[in-house]
Amino acid sequence: MRVLVTGGAGFVGSHIVTSLLLSGHEPVVMDALLPSAHPSAPDPQGVEFLRADVREPASVHATLRGVDAVCHQAAMVGLGKDFADAPAYVGCNDLGTAVLLAGMAEAGVRRLLLAGSMVVYGEGRYECLRHGRVRPGPRCPEDLAAGRFEPRCPACGCALAPGLVGEDTPADPRNVYAATKLAQEHLAAAWARAVGGTAVSLRYHNVYGPGMPRDTPYAGVASLFRSALARGEAPRVFEDGGQRRDFVHVRDVAAANVLALEASDSRPSGALTTYNTGSGDPHTVGEMAAALARAHGGPPPVVTGEFRLGDVRHITADSSRLRRDLGWCPRVGFAEGMAEFAHAGQRASAAVGG
């Protein structure tokens, strides 16, 4: 299968390209190589590489020739610096997706795999002893400033127990990035209905592993901690470090992409199918920082009590649908993955050059 991988020179995209090659497929890399993500041009080996931007219709049209499926990884990721980043997020993520889908409709390409995200859920699943399953609203700045980080029951104010989120949970994006990722899914669903296409969104959890970018506010928390350790500094953990996340290794995510592409013929046409993509082994951010610091041999984490509006407290998902439907099983455990990541190379960001 000839697969166009948008953003194929990036962190997750490059691992997907490797997995496609190992599985006997023909990946074609399309990447704009934006300076914010690629201060120096990569040199992809053994694959066709096209430097092009998904926001440019002519470039998209040229890259779709002879393509059987598209694996859409190109995106601006992370929470960003502030709301001033909103136009860039919408342009890269939503306009880029719309242009790509329009090109696919014209070119007759009917298989799409989208890099989704667990951020579309907002806060995770919570149970109140008195009121059962509840969905707390955004945490207020006054509570966060006072160190009250845990969401409370919106009905009675009691403590809540976090649980796993299923794909059928209503979306509730809490920041600009999350809103753009949900919009991508809506666009993909509309495209599938309009052209009779097959669309799958893998809602990634906290992906980490070799090749993550370093020293950039748009990187994931694992990358930020690893960058600090590389500088000889202690990882700085926001809030009290008790935020629960599902850290999933990038090679496992790449394997999920290949399986989903190979199974696309068996998926219903004219609809979008979503799959949570996580390890199934949640850990707190504090636990992750401590494991990474121990494996690296660096200073232990510092819990700062700082916070960012738009962050959610707990978000971990039930990935059993992906296991059941596609036979996917993550191979890299938490301890093994953190030990590897502690000494793995990182790619330079525009902030550090080189």
Side-chain angles (χ1 to χ4, degrees), residues 2-17 20 26-45 47-78 80-81 84-117 176-177 179-188 190-191 195 197 199 201-202 204 211-213 216-219 257 261 347-351 353:
R2 183 174 168 87
V3 182
L4 176 65
V5 184
T6 70
F11 167 48
V12 177
S14 61
H15 283 273
I16 292 172
V17 168
L20 285 168
E26 181 187 355
V28 179
V29 173
M30 175 185 181
D31 202 300
L33 301 182
L34 299 178
S36 58
H38 301 279
S40 58
D43 184 22
Q45 299 292 320
V47 297
E48 183 178 348
F49 177 76
L50 304 166
R51 183 167 185 172
D53 195 315
V54 293
R55 294 170 291 185
E56 299 173 354
S59 297
V60 168
H61 181 76
T63 59
L64 286 170
R65 295 192 188 101
V67 164
D68 300 305
V70 173
C71 183
H72 184 31
Q73 305 295 311
M76 186 173 178
V77 302
K81 292 179 288 188
D85 287 328
Y89 274 103
V90 173
C92 287
N93 298 355
D94 299 339
L95 175 61
T97 299
V99 172
L100 175 66
L101 293 172
M104 292 174 64
E106 182 180 357
V109 180
R110 296 294 182 261
R111 287 190 282 189
L112 171 72
L113 181 60
L114 175 67
S117 175
V176 170
Y177 172 60
T180 65
K181 296 307 288 184
L182 182 58
Q184 283 185 309
E185 290 193 350
H186 288 319
L187 287 166
W191 166 84
V195 304
S201 177
L202 297 182
Y204 300 161
M212 286 192 86
T216 166
Y218 303 100
N257 275 268
L261 283 166
R347 63 177 63 206
S349 73

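- Under the rule for a side chain to side chain donor-acceptor pair (under 3.5 Å), E106 has no partner lying at least two apart in sequence or in another chain.
- Of all heavy-atom pairs between S14 and G10, the closest is OG-O, 2.7 Å.
- Nearest heavy-atom pair, S201 versus G116, reported as atom, atom and distance to 0.1 Å: OG-CA, 3.4 Å.
- The minimum heavy-atom distance between G8 and V17, with the atom names listed, is O-CG2, 3.9 Å.
- The closest donor-acceptor contact from the side chain of D31 to the backbone of R51 lies at 3.5 Å or more, if one exists at all.
- The list of salt bridge (charged side-chain N to carboxylate O under 4.0 Å, His left out) pairs with a residue in residues 52-75, not counting sequence neighbours, reads D53-R55.
- Annotation: side chain of E26 is not in contact with side chain of V3 (no heavy-atom distance under 4.5 Å).
- Residue M104 comes nearest to W191 through the heavy atom pair CE-CZ2, 3.7 Å, listed as atom of the first residue, atom of the second, then distance.
- Residues A188 and A199 come closest through the heavy atom pair O-CB, 4.1 Å.
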Subject >> Worked verdict on L261 versus L20 for side-chain contact (heavy atoms from CB on, under 4.5 Å) >> reply: CA-CA 10 Å; L261 283 166; L20 285 168; 4.0 Å; yes
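- The backbone N or O of A115 lies less than 3.5 Å from a partner atom in the side chain of K181, making a donor-acceptor pair.
- Distance check, rounded to the nearest 0.5 Å: CG of L4 to OG1 of T63 gives 5.0 Å.
- A 4.5 Å side-chain heavy-atom check between D85 and Y177 finds every atom pair outside the cut-off.
- Nearest heavy atoms, P213 versus F11: CD-CB, 4.3 Å.
- Considering only heavy atoms from C-beta on, V28 comes within 4.5 Å of R2 through its side chain.
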**OP:** Given side-chain contact (heavy atoms from CB on, under 4.5 Å), test D94 with Q184 step by step and report yes or no.
**Re:** CA-CA 6 Å; D94 299 339; Q184 283 185 309; 3.7 Å; yes
Distance-only criterion, 3.5 Å: show the donor-acceptor pairs between side-chain atoms of residues 70-77 and protein atoms not counting sequence neighbours.
residue	atom	partner	partner atom	Å
H72	ND1	T6	OG1	2.7
H72	NE2	T97	OG1	3.0
Q73	OE1	Y204	OH	2.8
Q73	NE2	Y204	OH	3.3
Q73	NE2	N257	OD1	3.3

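- Contact check for V5 versus M30: no side-chain heavy atoms found under the 4.5 Å cut-off.
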